[in-house]
Every structure is written in C-alpha cells, then in structure tokens.
**Q** 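Have a look at the structure that comes next, please.
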Amino acid sequence: MSRSAHPAGPRHADVLPEGHQLPVPDDLNVLDPKVWSATTERRADGVAAVGGIDVRDLAARFGTPLYVMDEDDLRARCRDWRAAFHNEEIDADVFYAGKAFLCRALVRWIADEGLNLDVCSGGELAVALSAGMDPARIGFHGNNKSTAEIERAVEVGVGRIIVDSFEEITRVAFAAERRGVTQKVMIRVTVGVEAHTHEFIATAHEDQKFGMSVADGTAAEAVRRIIKLSHLELLGLHSHIGSQIFDTSGFEVSARRVVGLLAQIRDEHGVQLPEIDLGGGLGIAYTGADDPKTPADIARELTAIVRRECDVADLRVPRLSVEPGRAIVGPSTFTLYEVGTVKPLPGLRTYVSVDGGMSDNIRTALYDAEYSVALVSRVSDAEPMLARVVGKHCESGDIVVRDAYLPADVTAGDLVAVPATGAYCRSMASNYNHVARPAVVAVKDGNARVIVRRETEEDLLRLDVG
Ligand SMILES: *Cc1c(COP(=O)(O)O)cnc(C)c1O
C-alpha cells in the first residue's frame, strides 16, 4: 500500500537540478503518438495537421488560443470503451462523465457510439437534454443537488440518480411521489480508498465531502431508508475513488468493499441489488512518461476483480458500469496557441508566453499537472531549450507547461500546441482578467467546424448590467 501522491504528480523544484528527470528529447520535431490524437501528423512541409487540416489554417480561420478536437480520435475512443465493456464475455455499461467536457455535438457523438452519460448539475443536464440525449441513459451525480435540479431530473425521467446524503434520499423520494413515479437510484458510497496517479491510499475513515461511508454504517442505513420508500427503486451501489489512475489496485479494494456491502444487504434484507458502478478516473498520457492501460485491459481487470469478489461473497455477479471522462475526451484535443514573447533568463530557463493561459487550462496551476508542448507551425533544427510555457494573465502562477523542451529558435508568431487538453480544460475555463474563452473546433476528414464558439467582448459585457 502506498502513500498519497499529488493528483498530477510531484511538484518540480523551481529550478530543475542538474541531471533532472525531464529527458531531453531525441528529436523535438517528432509528435509522440502517445500524447497526440490519432490523426495528428507532421506533414512533409514540417507543419502539423490534424483531421487533415494544417494548424496554420486553423489558426488563421478560427484564431488562437483554440481547442482543436479530433472527432475520429474521440469517436474511436468511445467505440473502444464500448467494445471493451460490451462483448461476448462482458456486458457492462459505459457512462461518459460529462464534467470532463460537455457540449451538444459531443453529447450526440457519445450517444451515437453507444455510451451513456453522467451529469452532475442542472446545467449539464440541460445541455444533454438539449442535444436530444435519452434521459433514461443519463445518470445524475452530485453531493448537493438542489431541489430544483432533483425535480427536473425526476420530471424528465433520468435513468438513475446517484444519491449522496440522507437529505437527498428524502428529496428524491418526495419528487418521485409527487409525480407518481418510481425513481431509480444508486447510493454513492465511500470505501476509504483515494487514488491519484500511480498510487492510492486506503484509510479507515474518509475525510471528504462525497458519498456515504461503508465503514461507519452510513451507507447501510441509507439502504434501509431507501428500501422502505415505495417511490424509490434501489439499483445498486456506486463508488468513485479518484482521478488519473494508472492501475487497478485501488479499484480492487473499492470493489471488495462494495461487494462486501452487497453481501451485507443480502443478509439483512434478503435481496441482491442488481448493479454496481465503479466510477471513472482512468489515467491518460499527458507526457511521454505516462503509460495508461487500454480500455480492453481495464475491462478485463475490473470484471475479473468483481467476479472474484462476488465468488468469495457467494453473490451473483451484478451488472457493472464505469464512468470514464478524461480517458474518453482528454487525448482527443490539443490547445493551439500563438507565441507572443520569448524571455531567456540566463542560467534558469526561457519563458515562452502564449496568448492564453490559466483561463483556458487551470490544471497546471490547480493540480501541478504536467503537460507537454510542441512547436507545430514549422520544424526546427535548433538545439533543445528548457522552457516554461506561460500565459498572459496577471499572476505568476499562470503556467501552462511547467517544464518542457522547445527548439531554441522559437519566436513570436510561432504556433505551439499542448496535447491532451480535451478534459477539464474548456470545462474549467474562466474569464479571469476578462479574457474571452477560446472556441472548440472539431476537425474530421479535412473539415473543421466550430462546436463551441469563441467568446467575444460583447459576451464579456453581456452580464454586466452597468
Ligand atoms: C469526475 C468523475 C468521473 C470521471 O472522472 P475521470 O477522471 O474524468 O475519468 C466519473 N464519475 C464520477 C462520480 C466523477 O465524479
């Protein structure tokens, strides 16, 4: 059992020591397929392209910064997850976690590819419904859903509400009763496992706002209450242990505790709940050093874990669902920036300022997340230079890529791109410094279309009633 690690890896020292871990790449012009979306390529003229479109054309047509989403990559990932969890051996459901990134085009794509959808607010629900998502395929999460959100969810008939507190059990039951319907619910349980990156910790108590504890009996009490309420149907138990996880050992502990509770419920109430959901959190490659598992491996390992635990507890194997967010949308997208200034600090590093920053990618500042970056508007034979890619905000923590090598001749007007920004970048974007949020453009087969348009100055002023 290992110690806790930071969600996005250890913080680097301010100045990389001699012989630091960041390896100097052999060839800065190579776009590592580990971190770039499937159709991203370096063309013969040295310019990068994605979905058959030159990045210079994208910048010229849509401006920078720009989130560029590779639709083929995204759809292929949806299909891989679906196929991994839904085949001759495994019959499980994949819910895409909408909080990673949500817009109407994306909702249609994931629905098309056979995925269900998780939302965790009334706003996310509204986007899903507006895109025509079948409410029966939606799961509604959140530790403090408002009464209005619950009413709406029950009204439209969402497939499952994942209840997170005693108050919410009452609220959902009341909303269902008033409408004379039976609402399916799952209980979000905390299993005392917290997973970040490569490591997880298992503790006796859970010091966090989500869920109801298995260890202290709160979850079992929630079961007792729900079973008594005729307008609620208890589908099963739900556990989500963390994010950017690279191995299944945390899921193993979580599955054991969830299945343990299923057995306790069977013994106490004489019923076996039909479903369990093990949540999301599967990691992706942000840099060449990350090695995520394939969906097929994850599916095999998770189902093996659940089967084994059920065997031990002498339970029928429940229907399983999982909720990847980052793993589906993260690798599909890169952020395209234009370089504005280059400041060499002798003996330290070179600061490369781009035209976005913490408003379009807060993850570096918030989680010490690591990213990679490449010069994409041309190739270069210049020496590798230790760079820090920073934004344009009035804040020294406004870092996009803390440590990366760029060619030493990188200069104003160059386009650089940061891969793997599809998850938790646009969805967490802000208007800090009254910077307008970038557009999201989807590319496929030589076509590009805006799926979320760029904000304008007018948008920024719209809410300011003066
Ligand atoms: C955030 C979240 C997810 C998705 O996490 P990823 O790291 O994006 O896979 C899934 N389920 C729940 C309940 C979540 O809160």
Side-chain angles (χ1 to χ4, degrees), residues 1-2 77-97 100 110 113-118 139 141 160 162 186-202 210-211 214 235-263 272-285 290-313 315-331 423:
M1 216 138 295
S2 44
R77 242 169 258 281
C78 292
R79 281 197 292 277
D80 283 354
W81 277 87
R82 172 76 181 154
F85 281 88
H86 197 77
N87 53 52
E88 302 85 62
E89 279 119 60
I90 303 173
D91 182 18
D93 297 307
V94 180
F95 284 74
Y96 167 66
I110 63 119
E113 301 296 350
L115 304 194
N116 297 346
L117 177 67
D118 271 346
H141 279 274
R160 54 183 63 183
I162 294 80
M186 295 185 99
I187 301 171
R188 168 78 177 260
V189 302
T190 38
V191 292
V193 173
E194 199 182 331
H196 298 305
T197 67
H198 308 264
E199 300 176 293
F200 76 96
I201 47 170
F210 290 108
V214 172
L235 264 189
L237 305 175
H238 182 289
S239 155
H240 171 74
I241 56 173
S243 234
Q244 188 62 356
I245 303 164
F246 285 93
D247 74 58
T248 47
S249 48
F251 290 103
E252 192 151 359
V253 178
S254 129
R256 187 170 309 136
R257 294 184 180 169
V258 167
V259 170
L261 181 54
L262 279 186
Q272 186 183 332
L273 302 181
E275 296 207 24
I276 65 171
D277 188 311
L278 290 180
L282 289 315
I284 63 166
D290 296 324
D291 262 315
K293 290 184 196 255
T294 64
D297 284 343
I298 294 162
R300 216 173 300 116
E301 289 177 32
L302 289 187
T303 47
I305 290 168
V306 171
R307 281 174 190 159
R308 196 175 56 236
E309 293 303 326
C310 288
D311 207 39
V312 171
L315 284 169
R316 281 191 313 278
V317 178
R319 186 174 185 87
L320 176 67
S321 49
V322 291
E323 304 174 325
R326 184 194 317 269
I328 289 193
V329 81

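Start at 1 with the first residue, then count along the sequence.
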**Q** S321: which residues meet the side-chain contact (heavy atoms from CB on, under 4.5 Å) condition with it, sequence neighbours left out?
**A** D93, F95, R160, E275, D277
**Q** Which pair of heavy atoms, one from P318 and one from L273, lies closest together, and at what distance?
**A**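 Between these two residues, the closest heavy atoms are CB-O, 4.2 Å.
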**Q** Kindly compute the distance separating CG (L320) from CG (D91), expressed to the nearest 0.5 Å.
**A**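 It is 10.0 Å, given to the nearest 0.5 Å.
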**Q** How long is the span from the CZ atom in R300 to the CD1 atom in I298, to the nearest 0.5 Å?
**A**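 Here the interatomic distance stands at 10.5 Å.
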**Q** Once rounded to the nearest 0.5 Å, what's the spacing between atom OH of Y96 and atom CZ of R77?
**A** 12.0 Å
**Q** What distance do L237 atom CG and L262 atom CG have between them, rounded to the nearest 0.5 Å?
**A**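 Going from the CG atom of L237 to the CG atom of L262 covers 5.0 Å.
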**Q** Who pairs with V317 by side-chain contact (heavy atoms from CB on, under 4.5 Å), at least two apart in sequence or on another chain?
**A** V306, R307, C310
**Q** Atom CZ in R79, atom CG in L115: separation rounded to 0.5 Å?
**A**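 Nearest 0.5 Å value for the CZ-CG distance: 10.5 Å.
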**Q** I'd like to check the salt bridge (charged side-chain N to carboxylate O under 4.0 Å, His left out) partners of R326; sequence neighbours left out, ordered by chain and number.
**A**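 Per chain and number, R326 pairs via salt bridge (charged side-chain N to carboxylate O under 4.0 Å, His left out) with no residue.
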**Q** Could you pull out all residues at least two apart from S254 that satisfy side-chain hydrogen bond (donor to acceptor under 3.5 Å, both in side chains)?
**A**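 S254 satisfies side-chain hydrogen bond (donor to acceptor under 3.5 Å, both in side chains) with S239 only.
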**Q** Mind listing the closest non-hydrogen atom pair of L315 and A263 along with its distance?
**A**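 So the two residues come closest at CD1-N, 3.7 Å.
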**Q** Between L282 and F251, what is the shortest heavy-atom contact and its length?
**A** CD1-CE1, 3.7 Å
**Q** List the atom of V191, the atom of R257, and the distance in Å for their closest heavy-atom pair.
**A** O-NH1, 2.6 Å
**Q** Tell me every residue that passes side-chain hydrogen bond (donor to acceptor under 3.5 Å, both in side chains) with T248, counting only those two or more places apart in sequence or in another chain.
**A**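 With neighbours one apart ignored, the set is E301.
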**Q** Return the OG1 to CG distance between T303 and L278, rounded to the nearest 0.5 Å.
**A**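 Spacing of OG1 (T303) from CG (L278) equals 10.5 Å.
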**Q** Apply side-chain contact (heavy atoms from CB on, under 4.5 Å) to A83 and list each qualifying residue two or more places apart in sequence or on a separate chain.
**A** none
**Q** Do D80 and T294 have side chains that approach each other closer than 4.5 Å (heavy atoms only, starting at C-beta)?
**A** no
**Q** Could you tell me which residues satisfy side-chain hydrogen bond (donor to acceptor under 3.5 Å, both in side chains) with Q272, sequence neighbours excluded, listed by chain and number?
**A** none
**Q** Minimum heavy-atom separation for A84 and A299, please, with both atom names.
**A** O-CB, 3.2 Å
**Q** By ring pair (Phe, Tyr, Trp, His ring centres under 6.0 Å), which residues pair with H240, not counting sequence neighbours?
**A**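 Partners of H240 under the ring pair (Phe, Tyr, Trp, His ring centres under 6.0 Å) test: none.
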**Q** With side-chain contact (heavy atoms from CB on, under 4.5 Å) as the test, would you mind laying out the steps for H238 and I187 before giving the verdict?
**A** CA-CA 6 Å; H238 182 289; I187 301 171; over 6 Å; no
**Q** Who are the side-chain contact (heavy atoms from CB on, under 4.5 Å) partners of P324, not counting sequence neighbours?
**A**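 P324 satisfies side-chain contact (heavy atoms from CB on, under 4.5 Å) with W81, V94, V322, A327, I328 only.
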**Q** Taking the side chain as every heavy atom from C-beta outward, state whether D290 and F246 have any pair of such atoms under 4.5 Å apart.
**A**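 Touching, per the 4.5 Å side-chain cut-off.
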**Q** Would you sort out whether I241 and F200 count as a side-chain contact (heavy atoms from CB on, under 4.5 Å), showing the intermediate values?
**A** CA-CA 9 Å; I241 56 173; F200 76 96; 6.0 Å; no
**Q** Please enumerate all residues that pass side-chain hydrogen bond (donor to acceptor under 3.5 Å, both in side chains) together with D311, with sequence neighbours excluded.
**A**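 So D311 forms no side-chain hydrogen bond (donor to acceptor under 3.5 Å, both in side chains) with any residue.
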**Q** Testing the basics here: between V259 and A313, what is the closest heavy-atom pair and its distance to 0.1 Å?
**A**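 Shortest heavy-atom contact: CG1-CB, 4.0 Å.
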